Structure formats: C-alpha cells, structure tokens
Protein chains: 2
Amino acid sequence: MDLDAVRTFVAAADAGQFQEAAAELAITQQAASKRIAALERNLGVRLFTRTPRGAELSIDGQAFLPHARELLRVAERALMSVRTGSRPLRVDVIASRGAATGLMRDFHRAHPEIELDVLMLFDIETALAAIRSGTIDASFRAVTAPGRPLPEDIQSVRVLDEPLELLTGPAHALAGARSVPIAQLAGHRIWMPGIVPGTEWASYYDDLIAEFGLTIEATGPNFGSDALLDTIADTPALATFMGARTRLVWPATHGLRRIPVTTPTPVYPHSLLWHRANPHPALPILRTHLTTTSPGHRTTGTWVPAWAAPR
Amino acid sequence: MDLDAVRTFVAAADAGQFQEAAAELAITQQAASKRIAALERNLGVRLFTRTPRGAELSIDGQAFLPHARELLRVAERALMSVRTGSRPLRVDVIASRGAATGLMRDFHRAHPEIELDVLMLFDIETALAAIRSGTIDASFRAVTAPGRPLPEDIQSVRVLDEPLELLTGPAHALAGARSVPIAQLAGHRIWMPGIVPGTEWASYYDDLIAEFGLTIEATGPNFGSDALLDTIADTPALATFMGARTRLVWPATHGLRRIPVTTPTPVYPHSLLWHRANPHPALPILRTHLTTTSPGHRTTGTWVPAWAAPR
DNA sequence: CCCAGTCACAACCAACGGTTGTATCCATAG
DNA sequence: CTATGGATACAACCGTTGGTTGTGACTGGG
C-alpha cells in the first residue's frame, strides 16, 4: 500500500472529484486516477463510483476512509518523531518496567496532549552525551556515577527514591516473612542476572554488597524477565531484588512474594537529568509535574550508595 | 515515506542486522540497505549505527521504532477494513450525531476488542441493498418505510425510541417553557433544512405534519449543523426538532434551549436491521448488547408514524 | 594473519509512475 | 435535438525509482 495513493484517496474523497484532488497534490488528473486505480487494485475493492460529474465514495470507500486518515495521521507523527524542532519530548528511562516508566505513564495521563517518546539508553555516559548533544531531552538516572561529578551544563532534580524489595518463590525460606532486615539476607543466594558491568546498576549493587556483606550472583546472561521470574518461582534457594514500583506482568498463580527489606531499606535514587539550555517547551512541564507529585525522600531508615547521597 | 522501507526498518531493528531482515522480506541485503538508506535520507536522520557485525539502532532509530510499528499496525487494520472475511463489523447509522451513533459508542465501550466501521448510507433502500449484498452487516433505521414491508431475508429488532425535542434560541417565545404540548406548536415556524425527499426522515416529518397540523419549512440547502444552530440561536421566530439523544458540539454560551414535547411526545423508532444469513461473529454480540441494554419503549403518551407502529 | 561475516558502492535493467494527448460519458443550456 | 463543459479513463511515451548481481572495505575471531 502506497502512502501517496492513500493521500490521493483522502483528497479525492474530500473533494468529491479527482481533478480537484490532483490540483491540491500538484499532479495531473490522470496521475490521480492511476494512483487510485492502483490502490483499488491492491485492496481488491472499488473505492469510488465514478460519475461524469465527479467521484463519490463507495461503501467500501466509506469504510476505508477513516482508516486512511488515521494512517496519514500516524505517518505524520512518525515523521515528527525525528524532526528536530517541535518533536516529541524524548525521555530516557533506566528500565522498561521500572519506576521511571511508571512516572512517565503518570505524566502522560496528566498531560495527554504532550507527545512523548520514551527510550532506554545503555548507561549514564551515553545518556549524558545524548543530553548534551540535544538528541534526548531528559533522562531518569541515579544522579552521579561514582567518581564522576555531573558536568556543569547538566541539571538534575531527585524525583523518587524507590525501595528495593526481595522477590521470592512460594517455597523460599523467607516466603512467609512480612518484612526482612537486610542483615538476615547474608548467606542467602540472591540472583541478579543481566547486570551489565559499568552501568549504574552494577555500581549500586557493588556498594550494596560491600556494605551489608551480601552474596549476589550477577553471573549468567539475561534471558529476559520472564525467564528470571520463572526460575525464581521454581527455585526455593533463589531470590532477587526488585524495585517496589516495578510492575510485574506475571500470572499471580505462581505465588511470587514481594518482601520489603528493612533496617535499613535500600532505595534506588531516581533523578531527572536535563540540559540547562534545552529549549523544549514540554521540559519545564515535566519537571514541574515530577517535583509537585514527588513523595519526597526519607533519609532515616534508608540506604543509598555514598556517591548518590545528598550533599 | 514508503511503507516497504518502514517494514524493512522494523525487520532490521528486530533482527539487529540487515541481512537477516532482507532474508525475511525475500529481498537481497543490498536492497534492504538501499531501502533503509532512502528512508534515512527522507527522514534526515541516521536510524542505525552500522558495525561490521550488524546494525544497531541509533537514538533517533529508537525513537522512531514505536512509531514505525504503529504505522504498520494501522496499515494492516486499514487493509483488513476492506478484506472480505474477518473484516470489522460494518454498521450504518442514520446520522453522525444521532442516537444510533451513541449506541454504537456504548457498544464499543462495552466491547473494545470488536473492530467496528461506522458509516452513513443515503437512505433505507441503499441500506437494504447493502445488507443483502453483504457489503454492510447491520443498519440503524426506522424499521419500514411507508408501503414497503421488510423483505423476508432481513430481520430487525426495535432498539430505541428517541423522543424529539424542540430546539430554540434564547429569544424564542417558548424558550422559557419546561415542556411544550405538541398542539402549541401549530403556528410556530419550525425549520428543518437538509431533509432529503424520499428518505425515512422525510416520510416521518410528512406524517408528523399531517397528524398535528404543524408548519415545517424543509426548504433550503443544508449548510451543516453549525450553520443551522447558528441561525436557530439568532432568530427568535425559528425553532427546529432534534433527537433527545443527539449530541451537540456547540458553545453553551449561545443559550440554545432543548424543550421536551408532550401530549404526545413524537419519538423516532430506531431498529437494527441485518441479514438473517450474515455470518459475522460480532453481529450476535451487537444484537445481544442492544436488546439487553435497551430501555424498552413506552406506547402511551408517545407518537410514531402509522407505518412504524408495532403490529 | 587470514577468514568469515557484515554493510556499502557501482553497474545494469525492468518496472513503476508521471506527463501529454485523446476518447467517452452525461447533465445542462440553447 | 444538439452543442458544450466538465468529469473520468485509456494509450503512448519516458525518466526515475528500486531491484539484482558483482565487488570492495571493514573488523573481530581462530
């Protein structure tokens, strides 16, 4: 199906005749006729009933018309998504099911008129480079990686501290606990596959291990969250960490348990990063939305890595 | 923008390389490379970063990808809308803002998984022919036109009696009335432009005029409901009829009044018509939905044309 | 150090899609 | 009844697009 033909179809449907549609599109009447004939041949139905005074939609044409308009609308938006200047706000989130995605969903609900593109970059270095080059407009990240202060031209605001919970199967030793002190996790096998060295997550868990003497197995390739959850559900000796706000798309029947961790509760600090000179009109709206809906952060009873602690 | 190029882009993004994408689409690697190069040229951005081991999405490519998928999805649905066999349920309504449209909206809310195409045919004759030929699946109409009994192979069920209300501007003599007996309308000018002779509406109003001695001016071309409402709002001597369920998209500030008509209340009887042998799986669901949510019809205090009265 | 595997460029060719010119149809006016 | 105007479709022509084949450049692994 050719988008030019669809455009011609919509123009002809609106005009009621091919000639005027052809004039609008700056082609000859014959070309418009050929385009629509080709479209009809591809679809296998007649879209217009031709009369000596114009062309009016057949019933199939009437049914097709709204779909054709939608198609052009979507094509237009697809084009806009890569047009510099007045393109959708591009926001990088740290994981597709994480808290930042939920925050963006909330933002979209609050401001459905703002066009959004949400993507996931590899690590904070990539994100910073993209923010500085203007390729993306904002990023949800832990505010700094260890030893690397934020550049001068990047601004940030802390928007959410997400508590980590323990995720176990029904047969796990801690499955019945309503909460578990972090000291009790020493000696339990905690499995976190797919943590890529060099990313903020790796730094975060390195610090967590060092601080509380945990044994985290980060080995093994990441076969996707489905495989991870499957293994956790079936293996009594394994557990994993998961952000409290992470949404699980998983049959509840598997009996996975989410157990809060306490004394202290490790939290992952999400900040929004952006370039101080970014002119995108939707960016201040996002910032305002996040700061006004942020629940704030407790500092007592929680733990964050030293490099992420508020100065 | 070429849909084939978009398809190639999505395939390459999924495969992570051009060669495999090209194999899926049954073209050569060079052709896929050219298609994506052309797409990048059209969009003005680089979608992939080429490596000697494949091609991975650039940031622009990541932003474009969901739009590309959506575009292909919409194109697929546009194609289905004219494919015989498993195409969306095609329902004809009598007016774009009338009660039947509202009923279909309710149905769509109740069954969002059912694909619908709603269209407006010229009159009941066209609708019957389209139902018999299978071009449409159902039609909302007054069950018969005068003197023309329903064919044997068409079935019908009465789903809604829609009361007619008087619509006036704020300066009209009846503007303050909470309701008006139909006998009081004799002598008032009632304006109904755009009623096409030969349609059910024309028959309906002919009967209404004959029964209650009204003077309805059906003259003048239809300049659209905006122009009609504009004139009604500004002309104290004019009023018009409007279905009680008709949704008005009109600034409330113009002070239009909707006044129920009584003793009796003229109602327009909407029936659903369909072919007894139509195999569309969604058709019985629509019928069940309509009959179970139908408010039923009062017969006392209401008026319908003799040809539409239940036998 | 070579090889396997990837993408890009060049040359060639068929097919698509545009234009111009023309025939046909029908409603309307004279 | 006929001429005319306005609409679509068909035919011929032709440039450009988009496919294939052949080849070169690049890079990571054995």
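Since this is a predicted model, take the numbers as computed values, not measurements. Proteins get letters first, then strands, A, B, ... in listed order; numbering begins at 1 in each.
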Please list, pair by pair, any protein nitrogen or oxygen found under 3.5 Å from a nitrogen or oxygen in nucleotides 6-11 of chain D.
| unit_1 | atom_1 | unit_2 | atom_2 | d |
| --- | --- | --- | --- | --- |
| D:dA7 | OP1 | A:Gln17 | OE1 | 2.9 |
| D:dA7 | OP2 | A:Gln19 | OE1 | 2.7 |
| D:dA7 | O5' | A:Gln19 | OE1 | 3.2 |
| D:dA7 | O4' | A:Pro52 | O | 3.3 |
| D:dT8 | OP1 | A:Phe18 | N | 2.3 |
| D:dT8 | OP2 | A:Gln19 | N | 3.2 |
| D:dA9 | OP1 | A:Arg50 | NE | 2.1 |
| D:dA9 | OP1 | A:Arg50 | NH2 | 3.2 |
| D:dA9 | OP2 | A:Ser33 | OG | 2.5 |
| D:dA9 | N7 | A:Gln29 | NE2 | 3.2 |

Between D:dG18 (P) and B:Arg7 (CZ): distance, integer Å: 15 Å

Ring geometry between B:Phe18 and B:Phe48 (parallel below 30°, tilted from 30 to 60°, perpendicular above 60°): perpendicular

For atom CG of B:Asp2 and atom C1' of C:dG17, their distance in whole Å: 13 Å

Between P of D:dG18 and CG of B:Leu25, the distance in whole Å: 15 Å

Side chain to side chain, A:Asn42 and A:Met1, heavy atoms closer than 4.5 Å: no

Below 4.0 Å: OP1/OP2 of C:dG18 and any side-chain N or O of A:Thr28: no

CD1-NE2 distance between B:Ile136 and B:His275, expressed to the nearest 0.5 angstrom: 11.5 Å

Integer-rounded Å distance: C:dA15 P and B:Asp4 CG: 17 Å

Separation of B:Ile59 CD1 from A:Thr135 OG1 (nearest 0.5 Å): 5.0 Å

Whether A:Arg7 side chain and A:Leu72 backbone form a donor-acceptor pair below 3.5 Å: no

B:Arg35 versus B:Thr8, side-chain donor and acceptor atoms under 3.5 Å: yes

